[in-house]
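Comments concern the structure below.
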Amino acid sequence: MSFREFKEHVKKSVEIAIGEADYPLIDYELFEPPRPEFGDLSANVAFMIANKLGLNPLEVAEAIGDKLRIPEDSLIADFEVHEPGYINFKVRYPDLAYRSILDAISKEDYGSLNIGKGKKVCVEHTSVNPNKALHIGHVRNLVLGDSIYRVLKFTGHDVQILNYIDDSGSQIADIVVGFKYAGFPLEPPDGKKFDHYCGDHVYVKVNELYAKKPELIMKQKEVLKAMEEGKSDIADFAKELTKRILKEQLKTCWRIGAYYDCLNFESHIIEAKIWDRLFNLMKDKGIVQFVKEGELSGCWVIKMEGEDKEKVLKRSDGTLTYIAKDIPYAAWKIGLIEDPFQYDIFIKQPNGKDLWSSVSGKGKDEHPSFGNSDLAITVIDVRQSRLQKIISYILSLLGGKSEKKYLHLSYEVVSLSKKTADELGITIEKKEFIHMSGRKGIYMNADDVLDALHKKAYEETKKRNPDESEEWHHNIAEKVAISALRFDLIKQDLDKMIVFDLSEALNLEGETGPYVQYAHARASSIIQKAGIIPIITLDGASLLNDPIERELVKMISKFDLYVEEAVKNLSPKTLARYAYQLATDFNAFYERKPVLQEKDETKREARIALVHAFRNVVKTAFNLLGIETPDRI
RNA sequence: GGGCCCGUGGCCUAGAAUGGAUUAGGGCGUCAGCCUGCGGAGCUGAAGGUCGUGGGUUCAAAUCCCGCCGGGCCCA
């Protein structure tokens, strides 16, 4: 925590000095200098002022330096003006070390912030069509959404997690056709998980069959129509099928560590007929226009500022385009319409939390309030950007001056590497990767990746802990597997495509989740052997003065700054990188600074406290990424 | 045709919002070391770079602006 204080102290002192030197107050940056001899924080304020006033940066820096006064009780030890114009500050290290270690070992919520207090946020993620198993691309969505949920919660937001279920699309009809008209047995012959069976066999094969047996396409249309009308054997069958697959998908989600508050079914959105209300509202406000002539004659369209093309919402034959289903749902999320849904408990989740869902007909009288958030975050990949942009635009018009916001959190897709595709029997020409497609059978199921990771981790942990039980090994292997997968999918930038390669993913060394878990386990081992309650004194803290220790301490003291960055930018990768850096600093410390063997008692106790501090922080950071940190792996 | 995104050593990647410090961080892979010291999923070191390319802005550009090339996506 105290690095933030240090930063604030510097900021205040600089501002006072700027005023006394008669310079204008200007936006500037405090950053960590590239080399330790330049101190702990640098200000580029002299450059900014010099730029604006046409002066020499060094002279400005010196003038500010002349006026700079360090208050007695501040965390600033010293400062120095350095060419070509930086003002470098040194922290009062013993105080920084003492305070941050003390906080890290004593505060349960070390690193948490209260910046989201009173703010209601909903996060929609996963939203996989319920006709197949989750593949590795869906997991990127889930991991991103779930991590953001965790960070938002940690920073005081009131968060709800939604999962949108498109139960009325043609993909559902496809598998209904498979079971009802193409002769697939309802029970997987090989005992396969039901969602895998439906996705890998029924869905893919039915789509292949359409080419050979056109009569099946007619059947698909019939099924779709029956589903739309409801209340028929086929419609009921489709509903049950969807539920069964959904429940299997949820098992995979829970396995990865994601839980939800509410499932929103597309069929219920249609049933509630909120589109008409919304459409009238849009007509009243003049957001949509009726086209009288030309190509789009008879259509209701919307025109976005700065774009020359209209987007059709309602076709001339009265049918709605895809986006017309999304707008009501989005409007519901931020409370632009009254809640039209009925709710009931869908299932109790393994973490004990009830999972609610919208229902057809009458639901439970009492239920949590869903939707109506101040901020709605929708996690969908970049291919939906245009549609999402239109939705945001429409909502901003509908909402008027309201502070409520709809946000599309976009990320690039996951594709398969040539090598991994080859191993799955998928041939690629020329290119080094291939985009996944459920319909074409080009994908890698999440459970299969996890199973492969589990197997690898199991072999490793068994070697290391030969005396433990099978159950123990599998338990740990699973946690390591989840760690490897989640870390791998969250660590890079959202606008970069991930070319998934199984053999690379199976490497559990280097910049990976297991690396961080390993550092945590090493710390736990020391703590267990030390067997004492950690204590830290100012004297002890001042002995942690080796550059290696200073790095680790400073990293710990900056945790909340990284949390803040992660939540402000909605970028969990910040925390993944932080956790990795922290673990690297710890490993360096571990290799070179003996803890238990240290002769000097004060120093030993201080180091033990540092190990405790590290362990708490890395655990919290990984929790925010949905990754567990066992004491032994 | 219009729009969005990406391009950093053999491969992957951070740094880009807010331009700065004669060493552009990591990881994989390669090579060489390190357990009679708390767990080697580790540590140390080495080799490997026109930051796609050409121009512009600036005292200063991987970072900002424009053109081009290559790749991906969306819309028509």
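Numbers restart at 1 for each chain; the letters A, B, ... are given by sequence-line order, proteins then strands.
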Do A:D493 side-chain and B:rA16 base share a donor-acceptor contact under 3.5 Å?
->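 When only heavy-atom distances are counted, A:D493 does not reach the base of B:rA16 through any donor-acceptor pair under 3.5 Å.
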So, is the end of the A:K11 side chain (NZ or CZ) under 6.0 Å from the ring centre of A:Y28 and within 45° of the ring's axis?
->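 Yes, a cation-pi geometry holds between A:K11 and A:Y28.
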Using a cut-off of 4.0 Å on non-hydrogen atoms, how would the nucleic acid contact of [X] be classed: base, sugar-phosphate, or nothing?
X	result
A:V382	nothing
A:R592	sugar-phosphate
A:K431	sugar-phosphate
A:S415	nothing
A:K311	nothing
A:I633	base
A:A523	nothing
A:N88	base
A:P57	nothing
A:K593	base
A:H82	base
A:Y28	nothing
A:V611	nothing

Between [X] and [Y], does any side-chain N to carboxylate O distance fall below 4.0 Å?
X	Y	answer
A:R383	A:D381	yes
A:R607	A:E598	yes
A:K456	A:E460	no

Whole-Å C1' distance, B:rC64 and B:rC74 |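 B:rC64 and B:rC74 have their C1' atoms separated by 27 Å.
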Rounded distance in Å between the C1' positions of B:rU30 and B:rC38 =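 Pairwise C1' distance, B:rU30 against B:rC38, rounds to 32 Å.
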Enclosure of A:K405 NZ (heavy-atom neighbours >12, cutoff 6.0 Å) |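 Open.
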Mapping A:A588 and A:P84 to their closest nucleotides on RNA chain B, which lands nearer the 5' end?
->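 On the 5' side of the pair lies A:P84.
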Closer to the 5' end of RNA chain B via nearest nucleotide, is it A:Y590 or A:F47?
->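 Its nearest nucleotide being more 5', the pick is A:F47.
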Any donor-acceptor N or O pair under 3.5 Å, side chains A:D585, A:Q581 =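 A donor-acceptor contact under 3.5 Å links the two side chains.
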Would you say [N] has OP1 or OP2 under 4.0 Å from some side-chain N or O of [X]?
X	N	result
A:K491	B:rC12	no
A:H435	B:rG72	no
A:S525	B:rG39	yes
A:K496	B:rG72	no
A:R577	B:rG15	no

Residues which pass ring-ring contact (aromatic ring centres under 6.0 Å, His included) with A:H520, listed by chain and number, not counting sequence neighbours |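 Result, ring-ring contact (aromatic ring centres under 6.0 Å, His included) vs A:H520: none returned.
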Applying ring-ring contact (aromatic ring centres under 6.0 Å, His included), name anything that partners A:H435, two or more places apart in sequence or on another chain.
->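 Scan of A:H435 (ring-ring contact (aromatic ring centres under 6.0 Å, His included), adjacent residues dropped) gives A:F433.
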Can you check each nucleotide of nucleotides 28-33 of chain B against protein heavy atoms at under 4.0 Å and return B for base, S for sugar-phosphate only, - for none, in 5' to 3' order?
-> S-----
